[in-house]
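In what follows, a single structure is set out as structure tokens and then discussed.
Atoms within a ligand are numbered from 1 in the order they appear, just like the ligands themselves.
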Amino acid sequence: MTKVILVSSPKGGSGKSVVARHLLVLAAQNGLTVLGVDFDKQGTLEKWGNRRKKLREKYPDFIDVPVISSTLQAWRSGLNNAEKYDLVVVDTPPSVEDHMSAITGLAQKADLVVIPSVCTQDDVDSVLPWVSILKNATKNSIIILNRANRRTNSFARIRGSFLKVADVCPVELPQLEDVHVPSGKGLTLLDFTKSRGQEAFEELWLFVKRKVL
Ligand SMILES: Nc1ncnc2c1ncn2[C@@H]1O[C@H](COP(=O)(O)OP(=O)(O)OP(=O)(O)O)[C@@H](O)[C@H]1O
Ligand SMILES: [Mg+2]
């Protein structure tokens with residue numbers, strides 16, 4: 001049975017595409033057949049997937065992570081080929097209010113909705129109303145704290161605000177200056193044997209996997 005993870009947040013730049021591509025690579029490295037579906041017109045995940053495809057022509061040892069793109073208006077047909085895969089990870093644009101019925105439809109269909117959020121009050125202000133809306137569509141959503149630093153005073157306060165209304169993933173992603181670097185070649189931190197930040201993504205995958213598979 002195909003499992004679907006929807007990555008969604010109304011806040012721009014919260015880490016949706018970063019989380020989507022790292023989950024895809026980890027799932028593939030763990031033996032699942034995966035498909036990325038990019039519903040964001042910016043095409044961040046799609047462009048990454050195209051670069052990866054090109055790189056694999058020369059270096060096929062990098063694991064295959066196919067990515068397709070579609071519009072949110074046509075989200076049902078965008079998932080047409082999904083049933084061939086073990087796991088589909090769906091990346092979405094931040095403009096949820098313009099695509100409310102499509103994104104809540106996707107949330108109903110998804111086995112898990114992942115909401116990455118940076119640890120600032122602005123992000124809390126944006127994400128909390130979205131969590132309430134999603135509650136009508138799914139019982140399976142988690143917030144992933146991104147660019148998190150447990151040593152800051154604000155971390156516990158922000159995490160506490162989220163915990164009052166939502167499930168918060170026990171694994172947070174730290175600030176990783178180089179997380180964008182491998183993306184230039186269609187890669188992730190997980191495509192290398194040792195890079196800072198790998199562990200956090202691996203632990204995140206262990207948690208997500210238990211929720212979904
Ligand atoms: N943990 C992190 N550490 C450092 N930089 C990060 C981290 N997560 C994301 N970034 C950077 O933040 C920027 C936004 O990340 P990303 O593109 O994944 O966000 P997004 O939610 O998909 O954005 P959009 O809403 O525009 O689609 C990127 O430059 C990315 O490299
Ligand atoms: Mg994005």
Side-chain angles (χ1 to χ4, degrees), residues 5-26 36-52 65 67-72 75 78 88-100 102-103 106-107 110 113-120 122-131 134 141-152 154-155 158-159 162 168-192 195-205 207-208:
I5 296 176
L6 172 69
V7 187
S8 170
S9 163
K11 190 84 178 135
S14 59
K16 295 179 285 297
S17 302
V18 163
V19 166
R21 59 184 182 245
H22 283 78
L23 287 180
L24 280 163
V25 169
L26 268 170
V37 183
D38 193 351
F39 283 116
D40 186 354
K41 277 188 196 151
Q42 292 180 92
T44 308
L45 186 66
E46 182 194 15
K47 288 173 197 158
W48 173 85
N50 289 342
R51 290 196 290 272
R52 190 173 185 96
V65 179
V67 178
I68 59 169
S69 67
S70 182
T71 62
L72 271 172
W75 69 269
V88 174
V89 179
V90 176
D91 193 13
T92 51
S95 51
V96 289
E97 58 288 342
D98 298 334
H99 307 282
M100 201 54 94
I103 302 189
L106 277 164
V113 181
V114 161
I115 309 166
S117 177
V118 179
C119 301
T120 72
D122 292 344
D123 288 77
V124 173
D125 292 344
S126 172
V127 168
L128 287 191
W130 183 230
V131 168
L134 276 178
S141 63
I142 52 164
I143 292 176
I144 296 176
L145 299 175
N146 188 20
R147 309 181 90 149
N149 183 350
R150 278 190 173 251
R151 277 181 242 150
T152 58
S154 57
F155 175 84
I158 300 290
R159 187 163 175 272
F162 283 137
V168 178
C169 179
V171 181
E172 59 265 356
L173 297 173
Q175 171 70 23
L176 297 163
E177 293 308 331
D178 290 337
V179 78
H180 65 97
V181 176
S183 163
K185 298 223 176 305
L187 298 174
T188 65
L189 296 176
L190 303 155
D191 289 294
F192 301 94
S195 42
R196 193 179 156 257
Q198 261 177 357
E199 255 174 47
F201 283 108
E202 279 161 3
E203 286 179 9
L204 176 65
W205 166 243
F207 182 79
V208 164

(message) For R52, is there an ion pair with D191 - N to carboxylate O distance below 4.0 angstrom?
(response) yes
(message) Closer than 4.0 angstrom, basic N to acidic O: yes or no for R150 and E172?
(response) yes
(message) So, taking the atom named CG in L145 and the one named CD1 in I158, what distance separates them when rounded to the nearest 0.5 Å?
(response) 9.0 Å
(message) If I take atom CG from residue D178 and atom OG from residue S195, how far apart are they, to the nearest 0.5 angstrom?
(response) 9.0 Å
Which protein non-hydrogen atom lies closest to [atom], naming both residue and atom, and how far is it?
| atom | value |
| --- | --- |
| atom 17 (O) of ligand 1 | S17 CB, 4.1 Å |
| atom 13 (C) of ligand 1 | R147 NH1, 4.2 Å |
| atom 21 (O) of ligand 1 | K16 NZ, 2.8 Å |
| atom 31 (O) of ligand 1 | H180 CB, 3.4 Å |
| atom 18 (O) of ligand 1 | V18 N, 2.9 Å |

(request) Using 2.8 Å as the cut-off, count the protein N, O or S atoms closer than that to the Mg ion (ligand 2). (result) 1
(request) Indicate whether the side chain of T152 and that of N149 have a donor and an acceptor atom separated by less than 3.5 Å. (result) no
(message) Is a donor from one side chain sitting under 3.5 angstrom from an acceptor on the other, for D91 and S17?
(response) yes
(request) Check D91 against ligand 1 and report side chain, backbone, both or neither, counting heavy atoms closer than 4.0 Å. (result) neither
(request) Begin from the C-alpha positions of R147 and S14 and carry the test side-chain hydrogen bond (donor to acceptor under 3.5 Å, both in side chains) through to its verdict. (result) CA-CA 9 Å; R147 309 181 90 149; S14 59; over 6 Å; no
Between ligand 1 and [X], is the shortest N or O to N or O distance under 3.5 Å?
| X | result |
| --- | --- |
| Q42 | yes |
| L176 | yes |
| G13 | yes |
| T92 | no |
| N146 | yes |

(message) Main chain of E46, side chain of D38: is a donor-acceptor contact present, judged purely on distance under 3.5 Å?
(response) yes
(request) Check whether any side-chain N or O of S183 sits under 3.5 Å from a backbone N or O of G186 as a donor-acceptor pair, and report yes or no. (result) no
For [X], state whether at least one heavy atom is located under 4.0 Å from any atom of ligand 1.
| X | value |
| --- | --- |
| A20 | no |
| P93 | no |
| T44 | no |

(request) Would you confirm whether any non-hydrogen atom of the protein falls under 4.0 Å from atom 9 (C) of ligand 1? (result) yes
(request) Scan the protein's non-hydrogen atoms and note whether one is under 4.0 Å from atom 29 (O) of ligand 1. (result) no
(request) Indicate the atoms forming the closest heavy-atom contact of H99 with P93, along with that distance. (result) CD2-CG, 4.4 Å
(message) If you compare all heavy atoms of C169 against all heavy atoms of I144, which two are closest, and at what distance to 0.1 Å?
(response) CB-CG1, 4.0 Å
(message) Atom CD of residue position E199 - does it have more than 12 heavy atoms of other residues, nucleotides or ligands inside 6.0 Å?
(response) no
(request) Below 4.0 angstrom from a heavy atom of G12, which ligand 1 atoms are there? Numbered from 1 as shown, please. (result) 25 (O)
(message) Going by the closest heavy atom to atom 16 (P) of ligand 1, which one wins out of S8, P174, G15, P10?
(response) G15
(request) With side-chain hydrogen bond (donor to acceptor under 3.5 Å, both in side chains) as the test, would you mind laying out the steps for S8 and W130 before giving the verdict? (result) CA-CA 9 Å; S8 170; W130 183 230; 3.1 Å; yes
